[in-house]
Each structure stands twice: as C-alpha cells, then as structure tokens.
Amino acid sequence: MTAPWSAPSLAALAEEPIDWRFKGLPASWWGQTPAQIAARRPRLFDDDIVGPVCVLRESALAHNLVTMANWCRDRGVELAPHGKTHMAPQLLARQFQAGACAVTAATVSQVRVFRAFGFRDVVLANEVTDTAGLRWLAAELDANPDFHVVCWVDSVAGAESMTAALAGAGRPVDVCVEVGMAGGRTGCRSADEVDEVARAVAASPKLRLVGVAGYEAATGHDVTAGAIADVRAYLGELRAAVVRLAGLFEADEVIVTAGGSTYFDAVADLLTGGWPEGLTVRTVLRSGCYLTHDDGLYARTSPLELRAAMQVWGQVVSRPEPELALVTMGRRDVSFDAGLPVPLGLPASSVTKLNDQHAFLQLGSADSVRVGEWLPFGISHPCTTFDKWQLIPLLDDEDRVIDLVRTFF
C-alpha cells in the first residue's frame, strides 16, 4: 500500500538550503540543507543561535504519537488530526504513519497546502461558502479520483450556495450537517434546523450527506463537573441527530465527528457503540494539539498522560530590578492567547507580561538568573506558537539536532 502523501515532496524539504529567512538559527548553517545539518547532529546550544528559538523534542513527540494511537485503537475511534496546529507536512506524515485516517483542515488554503504534498484524505471542518474555494475543490476532486474531502454545512442558504457554485462539478462534495451549541461558533442551533439542512443537502445534486459534525469545546475548555456535563449533553445531541437522520445519509458508513484536544474521551464515551441495527457509524476525532501537547492549557485539560514537546528558548537580556528579568522572547515568538509561557526549571517564577520582543519574568525568592543566560519556556496552546516559526529544530534528549521541521502558514 502506497503512503497517503507524496514522498518526493516531503524529501525535497530536506534539500532546501537554510538562509536568513529562518529566525533564531545559526548563521553558520546558511547555505546548508536540513539533511546536512541533521547528518552532523550538532548540539543546538553549542552553535551560534541568536535567539529566541523554538524547538521540538523527539522523545515527547514519539511518546504522544504512540499514546494517542493506542488510545484510539482501544476506544474504537478514528483520528483525523487537525493539521492547522502545525501546518508541517513532516509531522503530518508521522501522524498518518501512526494510524491517522485523514487530516483535518480549517480553510481551503490549508487544504491546498496538504494537497501540494499529496495528502489524499481531508476533513475540511468548516462551511465553505466562497465560490473560488468550492470550484478549486471541485476541480481537484474531478482531476484526482483518489482525493477525498468532507466539509460542513449548517444552513439551507449554505447548501444552496454550495450547489450553485458546484454547478459544473463532476463529483459531488461530501458534507456533514453541523450541530452547534448556544453561545458557540458555527452549527445549527436546533434539531429542527439540523433536519431542515439535512433535507436540503439530500435534495442537492452536487452535495452528498455523509454524516454529522460538531465541536464540543466551542465555548471553552473548562473541566469542572458542570462543564463536562454540558459537553456530554451536547454530544448526546450529535448522537440523536445521527439516529434521526439515518434515512437521509448517502454513504454506507456514516461519519460522526467531533473531538478537540480536551474532551475527546467524552466523545469516545458518547459517540461509539450502541447504534441502531443497520446503521454503521465511523467515529472520527479531530484532535490536533495532542502531538506536541503543552505546559499550559492542555497540561491542565488533556485526558491523557502526554508530554510537552515544544519549547521556546530566550536569553536574559536585563535584570533591571531584584525580582525582574527581561527575556528575549515576546508575542512575535510564543503563544499568549490561552496562557502565558511557563518558565521551565524555575518553579517559583512566572511570566507576567509579554511585549512584542520581551518577556517579563517575575523571579521567586528561590530562583536566580543572570544576564546572558538561556532559559527554556513551555508554551500554552501550540497552534499559536507554530505559526510564528518557519523552521523548527527537532532535538534528541542530548539537544542534538536530528531534523528540522518546516511549517507552511
């Protein structure tokens, strides 16, 4: 069986010379390729890095891949990891090697990136309403029989506009009707609306109703008993929609899909097994942040014992006050939308504020740092750290560079 991606396209990334475009990396690497760097296995912090620099840890990545794959197998669910987390074809290929059934994308532009590297199975977890995007999808489907995509629809108007834009398409586009939640994001807000949209899709000659979709963390990542009860009630609505729409689906295997990186255990509990006789259902998770995990949001909320694989290193540039250090790492280098960076190895200290290029590190009484010292920071929410780095060193446990990971945001 051939790999569900283009091996030559991936291999070409290792031969692209490194230059000034890639921040943080040593100038001595300029003109060399990732393959040449990895063959030398230099210790990153022995070279002339200028910082800040983002790194990935191989042992944590490997642990998380195996842990999630085993959990999905044991719980009887499939995994279509969200590619927007890293937008890194090298990492995505490893997720497929670990058993992923598809890649999830949020936009047509992201789908185009994955298609450029030959990935064949895509979940586009969004409504697609722009004519240009729909026509590109239609052309890609018609030209490539082995390309499969499924996207969402949550209104009759959306179904009608998709049908009109796809007028010249040969293959119909597979869609899931999206079930939303009050105060959440997209998705139908009532059972009647779900049914109405499903009927509109079933009546369209250019769309094919194949399942039901949702996102259970649309209103947050709270893990209190009350929040989890609300999530489980919402997932019950997805399950009810699958059963209710059984006569309208146009696929032998119906898709029910949900599951970010916080509540995917509840998804497995509520959306597997016990389906009516004659209804074959595939439960597909779309978790993305499990791969690198983090030291913030998902360290607090993930149901699995995963390891943080991403760090951003900065240098202490100033000690203007006894309990304050300024570090060369800011909003342009690290995520801050779901929590500030976490200083590693300084248990009594915390980051209190970020500027564009500086972090304010409040030092605890037991912690001490000096000007010029390199400090590692864990991150909170990998999605908005990855997009700040085009080329990320992958390190072994001795800080040796064993690969460089290219991102495409």
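- With sequence neighbours excluded, no residue forms a ring-ring contact (aromatic ring centres under 6.0 Å, His included) with F22.
- A ring-ring contact (aromatic ring centres under 6.0 Å, His included) check over residues 341-364, counting only residues at least two apart or in different chains, returns nothing.
- If you take CZ on R282 and OG1 on T272, they are separated by 14.5 Å, rounding to the nearest 0.5 Å.
- Look at R94 and E58 and you find a salt bridge, because one of the NZ, NE, NH1 or NH2 atoms lies within 4.0 Å of a carboxylate O, short of that distance.
- No side-chain N or O of H82 forms a donor-acceptor pair with one of Q110 less than 3.5 Å apart.
- Among all heavy-atom pairs drawn from H221 and Y263, the shortest one is C-OH, 3.2 Å.
- The backbone N or O of S302 lies less than 3.5 Å from no partner atom in the side chain of Y290, so there is not a single donor-acceptor pair.
- Aromatic pair F119/F96: ring centres closer than 6.0 Å.
- Listed by first then second residue, pairs satisfying salt bridge (charged side-chain N to carboxylate O under 4.0 Å, His left out) with a partner in residues 193-221 read D174-R208, D195-R244, not counting sequence neighbours.
- In this structure, R115 fails the cation-pi test against W136, since its NZ or CZ atom is not both closer than 6.0 Å to the six-membered ring centre and inside 45 degrees of the ring normal.
- Pairing each heavy atom of L340 with each of V351, the nearest pair is CD1-O, 3.4 Å.
- Each of W71, Y215, Y298 was scored for a ring-ring contact (aromatic ring centres under 6.0 Å, His included) with F264, with one residue passing: W71.
- A donor-acceptor pair under 3.5 Å links the side-chain atoms of N144 to the main chain of E140, judged by distance alone.
- Distance check: S349 OG to L324 CG gives 10.5 Å after rounding to the nearest 0.5 Å.
- Between the CG atom of L394 and the CZ atom of R400 there is a distance of 14.5 Å, given to the nearest 0.5 Å.
- Residues P393 and L391 come closest through the heavy atom pair CD-O, 3.9 Å.
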Stepwise, does the ring pair (Phe, Tyr, Trp, His ring centres under 6.0 Å) test hold for F408 with F117?
-> CA-CA 11 Å; F408 292 87; F117 287 87; 5.3 Å; yes
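- Defined by atom type and a distance below 3.5 Å, a donor-acceptor pair is missing between the side-chain atoms of W30 and Q32.
- Side-chain contact check for V284 versus C101: some heavy-atom pair is nearer than 4.5 Å.
- Judged as a salt bridge (charged side-chain N to carboxylate O under 4.0 Å, His left out), the pairs with a partner in residues 65-75 (not counting sequence neighbours) are, in order, R75-D269.
- Here N126 contributes atom CG and T186 contributes atom OG1; the two are 6.0 Å apart, rounded to the nearest 0.5 Å.
- Proximity of L56 to T292: side-chain heavy atoms (C-beta onward) are separated by under 4.5 Å at one or more points.
- For the atom pair OG1 of T301 and CG of D222, the computed distance is 10.0 Å after rounding to the nearest 0.5 Å.
- Between R189 and D154 no salt bridge is recorded (no basic side-chain N to carboxylate O distance below 4.0 Å).
- Checking each of D396, D399, D397 against R57 for a salt bridge (charged side-chain N to carboxylate O under 4.0 Å, His left out) leaves exactly one that passes, namely D399.
- T257 places none of its side-chain heavy atoms less than 4.5 Å from the side chain of L285.
- Checked by atom type and distance alone, the side chain of W313 never pairs as donor or acceptor with a backbone atom of F377 at under 3.5 Å.
- A search for side chain to side chain contact (heavy atoms under 4.5 Å, CB included) contacts involving R331 returns F336, L354, D356, not counting sequence neighbours.
- Between the CG atom of D294 and the OG1 atom of T385 there is a distance of 8.5 Å, given to the nearest 0.5 Å.
- Under the side chain to side chain donor-acceptor pair (under 3.5 Å) criterion, W5 pairs with no residue, sequence neighbours left out.
- Taking 4.5 Å as the limit, every side-chain heavy atom of I37 sits out of range of all side-chain heavy atoms of T33.
- The existence of a salt bridge linking R406 and E16 is confirmed by a sub-4.0 Å separation between a basic side-chain nitrogen and an acidic carboxylate oxygen.
- No donor-acceptor contact under 3.5 angstrom links the side chains of T280 and E253, judged on distance only.
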